[in-house]
Asker: 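What follows is a single structure, and I will ask about it in a moment.
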2 protein chains.
Amino acid sequence: MPTDPPDPPDEPQRVAHQVHQDDTERLRQLGVRVTPQRLFVLEALEQASGHMTAEAIMQRASRRYPALNLATVYRALDLLVSIGLVAQTDLGGGAAHYELVGDSPHHHLACERCGLVIEMDEALLAGLRAEALATYGFHARPRHLAVFGLCARCYAAEQGK
Amino acid sequence: MPTDPPDPPDEPQRVAHQVHQDDTERLRQLGVRVTPQRLFVLEALEQASGHMTAEAIMQRASRRYPALNLATVYRALDLLVSIGLVAQTDLGGGAAHYELVGDSPHHHLACERCGLVIEMDEALLAGLRAEALATYGFHARPRHLAVFGLCARCYAAEQGK
DNA sequence: ATCGCTGCAAAAGTTTTGCAGTCGC
DNA sequence: GCGACTGCAAAACTTTTGCAGCGAT
């Protein structure tokens, strides 16, 4: 698996507080309790601005909230998914990935060899979703499509063998 | 999760033996050792003619080969995937699914609520695969696309809540 | 006879759950 | 204060691995 990009230094307190306030409001409007654990999970996802595993979210959030427990992160993520703030993507073999809804809609190309995940524009799949609905009555969720295969680098490596 | 369809009674010995012979030949031609464990794993997949989890393969194959071990099933499946006889699909949350290559190419629509898996014709995705290759250099594997969402029944149930 | 394969058991990794105490509302 | 949420620990589950012995070629 490729390593995550190095963490950028934490944002100044002003910005963090700003984000914090927005999230508090959003959770309250959606009718769920506002807890520091949920806010720090959201903050971790915002700062990373990409897909993260539960473990990575835990690592980052626990810098600001050391008592945070991994089970709580899973429970927070389940809730955030159920209220539509976070999208969960299973990319096979290992941990699920979570990302904020609100980023531009996209799907995932997952390399089975090196674990690289490429984000692919949602628009390319519009036709597929319409077909799934018309033919099978299946309601595809946005951001939840995964294509497995080999990235360019690994494909070349496989050919060379 | 919906239960698997009830197992049809085992085929008469003649047919089973026929299949057995074909598989033996195929494995030999591909240059791998022919073992009863591998043959019974293939047989289980042939008889079910659909996607199965490693556990389900184990259950069915062990009716004919009681000493069969789950670790061996995983190792056999890995090998069968690597030589192209079996396709593996990760449909998230739980066990991976395996199916014989040779069935008509298709992808999967996986219901996140009830676990139903609908098979979707491969042709619908031809455009997507071309795009993934042209834009990202990504080589999508056939049969390895998973779309997550809600089936018609579960969608109706969700709306009703 | 060789070397890969198998069975067994244990480990690894992710996610869930039971329970007592805590905290948001 | 009530009920939801959390931390902790243990369990559940899927998959992998070490190792000694067996078996396909």
Side-chain angles (χ1 to χ4, degrees), chain A residues 1 20-21 23-42 44 51-59 61-62 64-83 86 88-98 110 112 115, chain B residues 1 20-21 23-42 44 51-59 61-62 64-83 86 88-98 110 112 115:
Chain A
M1 288 288 198
H20 211 278
Q21 283 297 94
D23 289 340
T24 297
E25 200 175 321
R26 218 173 320 180
L27 290 179
R28 218 183 293 275
Q29 284 176 2
L30 287 166
V32 303
R33 289 197 178 175
V34 180
T35 67
Q37 290 89 341
R38 291 174 184 173
L39 293 173
F40 284 119
V41 164
L42 281 172
H51 46 81
M52 303 175 81
T53 64
E55 179 64 35
I57 293 167
M58 163 74 184
Q59 296 258 333
S62 67
R64 308 257 332 252
Y65 191 92
L68 186 61
N69 189 277
L70 185 55
T72 301
V73 171
Y74 276 107
R75 285 188 280 226
L77 287 170
D78 284 349
L79 178 128
L80 294 171
V81 168
S82 75
I83 63 179
V86 167
Q88 177 179 6
T89 310
D90 280 298
L91 296 175
H97 288 176
Y98 298 86
E112 294 178 316
Chain B
M1 287 291 202
H20 212 277
Q21 283 297 93
D23 290 341
T24 298
E25 200 174 320
R26 217 173 321 182
L27 290 178
R28 218 183 293 275
Q29 285 177 1
L30 286 165
V32 304
R33 287 198 182 174
V34 180
T35 68
Q37 291 89 342
R38 290 173 185 174
L39 293 174
F40 285 118
V41 164
L42 281 171
H51 47 81
M52 304 176 80
T53 63
E55 180 64 35
I57 293 167
M58 164 73 184
Q59 296 259 335
S62 66
R64 310 254 335 249
Y65 191 91
L68 185 61
N69 188 276
L70 186 54
T72 302
V73 172
Y74 276 107
R75 284 187 280 225
L77 287 170
D78 284 349
L79 178 127
L80 294 171
V81 168
S82 76
I83 64 180
V86 167
Q88 176 179 4
T89 311
D90 280 298
L91 296 175
H97 289 176
Y98 298 86
E112 293 177 317

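Below, read A as the first sequence line, B as the second, and so on, with proteins coming before strands; counting in each chain starts at 1. Note that the structure is a prediction, hence the values are computed from the model and not measured.
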Asker: Looking at A:T35, I'd like to know whether one of its side-chain N or O atoms comes within less than 4.0 Å of OP1 or OP2 on D:dT6.
Answerer: yes
Asker: If every non-hydrogen atom of B:R28 is compared with every non-hydrogen atom of B:V34, which pair is closest and at what distance?
Answerer: N-CG2, 4.0 Å
Asker: How many angstroms lie between CZ in B:R64 and CG in B:L39, if you round to the nearest 0.5 Å?
Answerer: 10.5 Å
Asker: Please say which of B:T35, B:L79, B:L77, B:V86 ends up in a side-chain contact (heavy atoms from CB on, under 4.5 Å) with B:V41.
Answerer: B:L77
Asker: Return the CE to CG distance between B:M58 and B:N69, rounded to the nearest 0.5 Å.
Answerer: 6.0 Å
Asker: Kindly say if A:R28 contacts the phosphate of C:dC25, meaning a side-chain N or O under 4.0 Å from OP1 or OP2.
Answerer: yes
Asker: Take atom NE2 of B:H97 and atom C1' of D:dT15, then tell me their distance rounded to the nearest Å.
Answerer: 15 Å
Asker: Can you name the closest pair of heavy atoms from B:A61 and B:L68 and give their distance?
Answerer: CB-CD2, 3.5 Å
Asker: Check B:R26 with B:D23, please: is the shortest side-chain N to carboxylate O separation under 4.0 Å?
Answerer: yes
Asker: Write down the distance between CG (B:L79) and C1' (D:dT16), rounded to a whole number of angstrom.
Answerer: 16 Å
Asker: Heavy atoms under 4.0 Å is the rule here; annotate nucleotides 7-16 of chain C 5' to 3' with B where the base is hit, S where only the sugar-phosphate is, and - elsewhere.
Answerer: BBB----SBB
Asker: If only side-chain N and O atoms of B:R33 are considered, is one of them under 4.0 Å from the OP1 or OP2 phosphate oxygen of D:dG23?
Answerer: no
Asker: Nearest 0.5 Å, what's the NE2-CD1 distance between B:H51 and B:I57?
Answerer: 11.5 Å
Asker: How many whole angstroms separate atom CG of A:L27 from atom C1' of C:dC25?
Answerer: 14 Å
Asker: Over its full length, what angle do the end axes of the helix from C:dA1-D:dT25 to C:dC25-D:dG1 make, each axis taken from five pairs and the result rounded to 10 degrees?
Answerer: 40°
Asker: Hey, could you give me the CG/CG distance between B:D90 and A:D90, rounded to the nearest 0.5 Å?
Answerer: 8.5 Å
Asker: To the nearest Å, how far apart are B:R38 CZ and C:dG4 P?
Answerer: 11 Å
